[in-house]
2 protein chains.
Amino acid sequence: MRTDTTFKRAFNDMIDIIRTLDLGEELPSENALRAQLGVSRTTVRKVLAGMSARGIIISEAHRRIIGEQPQQIERYPKEETLAISEQVETSFMEWMLRGDACPGTEINEAELARKFGVATTIVREFLNRFQKYGLIEKRQNAGWVFKGFTASFALELFEIREMFEMRSARLFATLPDGSPVWKQIQSMRAAHLELLADIDARFQDFSELDSRFHRLITAVAPNRFIESFQDVIAMVFHYHYQWNKRDERARNEVAIGEHLALIEALESRNIALIDRACRLHLTSARETLLHSIA
Amino acid sequence: MRTDTTFKRAFNDMIDIIRTLDLGEELPSENALRAQLGVSRTTVRKVLAGMSARGIIISEAHRRIIGEQPQQIERYPKEETLAISEQVETSFMEWMLRGDACPGTEINEAELARKFGVATTIVREFLNRFQKYGLIEKRQNAGWVFKGFTASFALELFEIREMFEMRSARLFATLPDGSPVWKQIQSMRAAHLELLADIDARFQDFSELDSRFHRLITAVAPNRFIESFQDVIAMVFHYHYQWNKRDERARNEVAIGEHLALIEALESRNIALIDRACRLHLTSARETLLHSIA
DNA sequence: CCCCCGTTTTTTATACATAAGAAACATATG
DNA sequence: CATATGTTTCTTATGTATAAAAAACGGGGG
């Protein structure tokens, strides 16, 4: 009763691989494809079988070659490539952020399962994992309570975020010249500039860049608890801002500017500058979030 | 297929309530008992029924009275009062800390379920919740990896702990005289002195006191992420030291001394003193943990 | 009208079942 | 012998089932 989303995703990815090959060309080995697609060989074989059945691939003894017209292969739709657990995540976030839930709402596993059209087991598993974000709390033998996407949530979040990020940013001042981080910072700057140049069209790409940027800073001295906390931040920005698009473009443009300033400060290796740039950005991010909650 | 551990625990607790009543005395209402026992009325009624069946209680029209010899009621054994999920926690910790698992070990849900004699669902749920402790990591479609109870785990843990605890301790310096916290600190000191006086017999009670002490300090400015992190610390101390009893008495005695010093520093409201006492304690705790891991 | 108890309905905790996917094993081919 | 494919076995993801526990409902007595 497991869904075949892994297969469908691999199938779609395989189409892209095939596109790079010529008609009549021999395919890479199952093992090579396994590595490229990031799935098991079992799944690779299933994909290959599916493609053979469609005539996209022709299987001969001990080799497979590209068949006719691989141009118009039909892809599986995006929804069918998402595991049920991922769909539940989206459904839940929507339910939460659409405002169906106000602080203190009791969350009912059975009801959610019905609403989302999935088994209770999955909802339960999701809630257990979601617990770490600090937005819900379990009560013994009796469901969960939604604590609300409130101002105090944002404030508590940023209190921690500031501690963690200042700690990492300061470490930059002590980094040797030869550290590979400086290269990464350089390309991070380039990515920011690129996005900024095309901000009108691509302002929605910022959320992902933001997450990568902050993860890079934090990664100078790896700490699993800090990394895990980044997930919380990423979740907040990813989902919350999906439902709060007010001033999105302007907001992201400002943030890019702050990131660039921070990058410059980091490269200066001057603790005072770093501190100021970092705090400035965090304060502004906090205010933006608070503003969008109210 | 749910176990009736809630009932059994309530039954045992009910025995204690009955002990406080006299023969022939009327019992509190179902609702009152519900509140006292912390379970639903459904469970209360089941307990009452069980006691009636045993002749401990005599049910008359609209009232229930204590029957004969409530002295030798047989309690349900402790194990039967623990939910399966709690048993799994213990089993897993034992498996982990007994050394069956070295860093990098792959964790197999199905195998653990067999080993512990429970359904895979439960193991899976446990692992999902346990993830937040930073000791295991999930791989897509393929079980978990045990990252090991290693020195770097301890170091990362204490890096965060130091940030959090210094932050809270410092806040004490700004607390007004009238704050109720000072009373709690006082009784915390008393509890420590009491334990210290009887350290030879009660040194095992320290772990719980330790957790309460640190939670009290942290609670001056509540932050859900910090509170959740305390769970990690509590887990480490509770379980790890259950399997590493070396120097337990001495270790706890030292820690009590450090706690008392910190209490004094907090009461002095002198930031420098607080900082030093706090750091001293954390450093010592870290060294102790590192030492016991190696 | 409010609390108490009996009854019914709903939800949770846990077990079990099974298709999809991963891994291990076996065989063949160059 | 190494690498690729064919086959078998084991594990995970997800649905369903059900007893225990919680919650909701309802009548009766103070």
Side-chain angles (χ1 to χ4, degrees), chain A residues 1-10 26-34 38-49 59 61-64 83-88 106-114 117-128 138-144, chain B residues 1-10 27-34 37-49 59 61-64 83-88 106-114 117-128 138-144:
Chain A
M1 320 226 172
R2 184 178 185 169
T3 51
D4 57 352
T5 54
T6 304
F7 158 70
K8 286 175 175 163
R9 199 157 354 112
E26 191 166 342
L27 280 167
S29 79
E30 291 177 358
N31 243 310
L33 290 171
R34 185 193 58 70
V39 297
S40 73
R41 200 159 67 81
T42 309
T43 303
V44 169
R45 303 190 96 229
K46 196 169 165 188
V47 168
L48 291 175
S59 298
H62 260 260
R63 56 194 231 114
R64 295 197 185 74
I84 299 279
S85 53
E86 293 167 317
Q87 292 169 229
V88 166
E106 310 214 341
I107 296 175
N108 188 310
E109 293 175 6
E111 192 186 327
L112 281 187
R114 280 194 300 271
V118 299
T120 54
T121 330
I122 299 290
V123 172
R124 195 179 168 81
E125 181 175 333
F126 168 74
L127 292 173
N128 266 313
K138 178 143 189 59
R139 285 175 316 157
Q140 194 59 233
N141 284 337
W144 307 73
Chain B
M1 320 227 175
R2 187 177 183 168
T3 50
D4 57 353
T5 54
T6 305
F7 158 70
K8 285 174 176 165
R9 200 158 353 115
L27 280 168
S29 81
E30 290 177 359
N31 243 309
L33 288 172
R34 186 192 58 70
L37 294 170
V39 297
S40 75
R41 201 159 68 79
T42 309
T43 302
V44 169
R45 301 190 96 232
K46 196 167 163 188
V47 168
L48 291 174
S59 298
H62 262 258
R63 57 195 230 112
R64 294 197 185 76
I84 300 278
S85 54
E86 294 168 315
Q87 292 169 231
V88 166
E106 310 215 340
I107 296 176
N108 188 310
E109 293 176 4
E111 192 186 326
L112 281 187
R114 279 194 302 270
V118 299
T120 54
T121 328
I122 299 290
V123 171
R124 197 178 166 81
E125 182 175 330
F126 168 74
L127 292 172
N128 266 312
K138 178 140 187 60
R139 286 175 317 158
Q140 196 58 235
N141 284 337
W144 306 73

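Chain naming here is simple, since letters A, B, ... match the order of the sequence lines and numbering starts at 1 in each.
- The side chain of Ser40(B) places an N or O atom within less than 4.0 Å of a non-bridging phosphate oxygen (OP1 or OP2) of dA22(D).
- When each of dA21(D), dT18(D), dT12(D) is scored by its nearest atom to the side-chain atoms of Ala110(B), the top-ranked nucleotide is dT12(D).
- Residues Ser40(B) and Thr43(B) form a side-chain contact, since some pair of their non-hydrogen atoms from C-beta on lies under 4.5 Å apart.
- Side-chain atoms of Val88(B) and Glu125(B), non-hydrogen and from C-beta on, never get closer than 4.5 Å to each other.
- The CZ atom of Arg34(B) sits 16 Å away from the P atom of dA21(D) (whole-angstrom rounding).
- In this model, no side-chain donor or acceptor of Thr6(B) finds a partner on the base of dA21(D) within 3.5 Å.
- Residue Thr121(A) is classed as a base contact, given a heavy-atom separation below 4.0 Å to a base.
- For Ala142(A), the side-chain atoms get nearest to dA22(D) when compared with the rest of dT5(D), dA22(C), dA22(D).
- At a cut-off of 3.5 angstrom, counting only N and O atoms as typed in the model, there is no donor on one side facing an acceptor on the other between the side-chain of Ser85(B) and the base of dT14(C).
- Looking at Phe126(B) and Ile84(B), their side chains never come closer than 4.5 Å, going by heavy atoms from C-beta outward.
- Looking at heavy-atom distances under 4.0 Å, Lys8(B) makes no contact with the nucleic acid at all.
- Counting to the nearest Å, the C1' atom of dA13(D) and the CG atom of Asn108(B) are 14 Å from each other.
- At a cut-off of 3.5 angstrom, the base of dG21(C) holds no donor-acceptor pair with the side chain of Arg41(A).
- Of all nucleotides listed (dA22(D), dC4(C), dA21(D)), dC4(C) comes nearest to the side chain of Ser29(B).
- Rounded to an integer number of Å, the gap from Ile84(A) CD1 to dA13(D) P is 13 Å.
- Residue contacts shown for Arg139(B) are absent, as no nucleic acid heavy atom lies under 4.0 Å away.
- Rounded to whole angstrom, the span from the CZ atom of Arg9(A) across to the C1' atom of dA13(D) amounts to 13 Å.
- Residues Leu48(B) and Leu27(B) form a side-chain contact, since some pair of their non-hydrogen atoms from C-beta on lies under 4.5 Å apart.
- Side-chain contact between Phe7(A) and Thr42(A): absent, with no pair of heavy atoms (C-beta onward) separated by less than 4.5 Å.
- Rounded to a whole Å, the CG atom of Leu33(A) is 13 Å from the C1' atom of dT5(D).
- Nucleotides of DNA chain D nearest to Thr5(A) and Glu30(A) differ in position, and the one nearer the 5' end is that of Glu30(A).
- Checking the phosphate oxygens (OP1, OP2) of dA22(C), a side-chain nitrogen or oxygen of Thr43(A) falls inside 4.0 Å.
- In terms of position along DNA chain C, the nucleotide closest to Pro28(B) lies nearer the 5' end than the nucleotide closest to the other residue of the pair Ala83(B) and Pro28(B).
- A straight line from CG of Leu127(B) to C1' of dT11(D) spans 13 Å, rounded to a whole angstrom.
- Rounding to whole angstrom units, CG of residue Leu27(A) and P of dA4(D) are separated by 13 Å.
- The side chain of Arg45(B) lies closest to dT7(C), out of dT11(C), dT7(C), dT14(D).
- Sequence order on DNA chain D of the closest nucleotides to Trp144(B) and Gly117(A) puts Trp144(B) first from the 5' end.
- For Arg2(B) against dA20(D), a side-chain-to-base donor-acceptor contact under 3.5 Å is present.
- One finds a side-chain N or O of Arg124(A) lying less than 4.0 angstrom from the OP1 or OP2 phosphate oxygen of dA13(C).
- With a 4.5 Å cut-off on side-chain heavy atoms, Asn141(B) and Arg2(A) count as touching.
- When the nucleotides dA22(C), dA22(D), dT5(D) are ranked by their closest atom to the side chain of Val39(B), dA22(D) comes out on top.
- For Thr42(B) against dA22(D), a side-chain-to-base donor-acceptor contact under 3.5 Å is present.
- A residue-by-residue look at Lys46(A) and Gly143(A) shows that Gly143(A) has its nearest nucleotide of DNA chain C further toward the 5' end.
- Here dT11(D) presents its P atom at 14 Å from NZ of Lys138(B), a figure rounded to the nearest Å.
- Contact annotation: the side chain of Glu106(B) never approaches that of Glu111(B) to less than 4.5 Å [non-hydrogen atoms, C-beta and beyond].
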